[in-house]
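Notes to accompany the following structure.
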Number of protein chains: 2
Amino acid sequence: MSAMPPPLPSTADGPGLSQAPAFSPLYQQIKGLILHSLQHGEWKPGEAIPSEIELAGRFRVSQGTVRKAIDELAGENLLLRRQGKGTFVATHAERQVQYRFLKLVPDSGDVRGEARAQRTILECRRLRASADVARALALRTGDPVLQARRVLSFSGVPTILEDIWLPGHTFKGLSAEQMAGYQGPTYAMFEMDFGVRMVRADEKLRAVLPDEQQAHWLAITTSTPVLSVERLAYTYNDVPMELRRGLYRTDTHHYHNQLS
Amino acid sequence: MSAMPPPLPSTADGPGLSQAPAFSPLYQQIKGLILHSLQHGEWKPGEAIPSEIELAGRFRVSQGTVRKAIDELAGENLLLRRQGKGTFVATHAERQVQYRFLKLVPDSGDVRGEARAQRTILECRRLRASADVARALALRTGDPVLQARRVLSFSGVPTILEDIWLPGHTFKGLSAEQMAGYQGPTYAMFEMDFGVRMVRADEKLRAVLPDEQQAHWLAITTSTPVLSVERLAYTYNDVPMELRRGLYRTDTHHYHNQLS
DNA sequence: GAGTGGTCTAGACCACGCG
DNA sequence: GCGTGGTCTAGACCACTCA
């Protein structure tokens, strides 16, 4: 006999969901439901989601349970809590967390807001996925993909040369003008124009020598080592959505990583 | 009139602590107290700390408040929770999180437990801090420091060459035998023998060419680019405790980084 | 079965932002 | 002054570990 009636004892489901396996705490199920709404664009990047109390009512759970679900989503940078205002869908357009995935910083001074990058689009075309690109993006070889090549310069110095591959299906209609013209992070443009939000990414780093062409675009010699950065970026649910292969000059910048 | 008497209204202090500035939640103060005990070795790495209920009693707060403090410390990898068993002081000797700070992984297969590193100590001596080393370790130029140089090999292939600088005062008596003989992570040895636990670190990465000597130890040519990794590791309270300058071969391995 | 961490609830109050 | 998130409490029950 329980003095406090738990509306959803153990693995039961009020909101309309069921699990088979081990045991899923209520707040995890709530988290899943919120995640589902995020994926399906019920609330757009930058917008506020309903208040904790309202969500608690909707899901028939206590505010504390909703809170724990939101806490985790905020910890994963999917939501952003602002005391006194509400909880918001995170976006790459935020002033504070702009270029969250770019770990290259100038050797002197850490002020990233200072010298903003200038973009030069060298190429932007649609083609068929090669075997390795297809594998990375979970496509089939020959599927349509978009490829862009660009140079990022800081204070007029070309510093990053990168190739970007995107699934052609999702990014239908992306143009060089769009890549060049948008003010702010490219990932913010992806959110605005294609409803695709990059949530996390894996990077593989290597030291390499550039070939003739690469050296040319970076205004260095072929005997200047550069940092090769291969990034695979994911949207919700661990779906890979972008492959990037970049070369970073590290004579005036360095790649900064925080371990904990 | 409050129906529930909060023993420490707002910024008051039960456990014996006071703040001047803005406003410090109770659980933050509790966190500080636990942190203090960790720093002063009240509980050693690997040991269990008192149960939540016991700590709640000691600090005269509710279990929930202690829980939130511990949650944050666990999130920072200072504590490790194990359901049914207790909460433990984190250590670099844990099987699962061994080499947590080493981000170099073999290109094929991610099984880090497989091919364990073989250490070769090339050098281990005491000397006086140069200006840059002193600045990094928050010492004064000329202060005693320990310096070690070693090669890490995987499957017999020399892959990492690194120099390590440590404050001579704290690591008095560290010998080459100790560096070479210890089984397991070097950071675990630091915990055991010197009571120093590395808690977080910053790394700066660059692509460089090795000089003659470096190339020799890594069994490569001077025209093979390598990854330069400068690491500054901190113990509790953001006190810098170790400077490492490593060169990583990236022909068979890569530096893996997870962004989120 | 005792003890530990993990979940869930309900309710009170606080800090913050904004009209 | 209201609404939002943030803190704190007290208590019940669940899941896990180990003797």
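Only this structure's heavy atoms are used, side chains among them; waters, hydrogens and symmetry mates stay out. A, B, ... follow the sequence lines: proteins, then strands. Residue 1 opens every chain.
Straight-line distance from the CD1 atom of A:I70 to the P atom of C:dC8: 15 Å, rounded to whole Å. Rounded to whole angstrom, the span from the CG atom of A:L55 across to the P atom of C:dT9 amounts to 14 Å. To the nearest angstrom, P of C:dG11 lies 12 Å from CD of A:Q63. Here C:dC13 presents its P atom at 17 Å from CG of B:L26, a figure rounded to the nearest Å. The interatomic distance linking A:F88 (CZ) with D:dT4 (P) rounds to 11 Å, in whole Å. The CD1-C1' distance, from A:I30 to C:dC8, rounds to 11 Å in whole Å.
Within residues 41-51 of chain B, no residue has any heavy atom under 4.0 Å from DNA chain D. Sorted by residue number, the members of residues 72-86 of chain B with any non-hydrogen atom under 4.0 Å from DNA chain C read B:R81, B:R82, B:Q83, B:G84, B:K85, B:G86.
For B:P185, the side chain to side chain contact (heavy atoms under 4.5 Å, CB included) test picks out B:Q98, B:Y99, B:A188, with sequence neighbours left out. Taking B:D193 as the reference, nothing meets the salt bridge (Lys or Arg N to Asp or Glu O under 4.0 Å) condition, with sequence neighbours excluded. When the side-chain hydrogen bond (donor to acceptor under 3.5 Å, both in side chains) test is applied to A:S51, no partner is found at least two apart in sequence or on another chain.
Applying the 4.0 Å criterion to OP1 and OP2 of C:dT7, one finds that A:K68 has a side-chain N or O inside that range. Under 4.0 angstrom from either OP1 or OP2 of D:dA10 there lies no side-chain N or O belonging to B:S62.
Listed candidates were C:dG5, C:dT9, D:dT9. Nearest to the side chain of B:E52 is C:dG5. Across D:dC8, C:dC8, D:dG6, the shortest atom-to-atom separation from the side chain of A:R67 is found for D:dG6. Listed nucleotides: D:dC8, C:dA15, C:dC8. Nearest to the side chain of B:F23: C:dA15.
Ring geometry, B:F194 versus B:F190: the interplanar angle exceeds 60°, so the pair is classed perpendicular (tilted spans 30 to 60°). In this pair, A:F101 and A:Y187 present their aromatic rings perpendicular. The plane angle is above 60°, beyond the 30 to 60° band.
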I'd like a table of donor-acceptor pairs (distance under 3.5 Å, sequence neighbours excluded) in which one partner is a side-chain atom from residues 74-83 of chain A, with atom names and distances.
residue : atom : partner : partner atom : Å
A:E76   : OE2  : A:K31   : NZ           : 2.8
A:R81   : NH1  : A:D71   : OD1          : 2.5
A:R81   : NH2  : A:E52   : OE2          : 2.0

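Looking at B:E230 and B:R244, no side-chain N of the basic residue comes within less than 4.0 Å of a carboxylate O on the acidic one, giving no salt bridge. Between B:R58 and B:E42, at least one side-chain nitrogen of the basic residue sits less than 4.0 Å from a carboxylate oxygen of the acidic one, meeting the salt-bridge criterion. A salt bridge between B:R200 and B:D238 is present, with a side-chain N of the basic residue lying under 4.0 Å from a carboxylate O of the acidic one.
Ranked by how close their nearest DNA chain C nucleotide is to the 5' end, A:V66 and B:E54 are led by B:E54.
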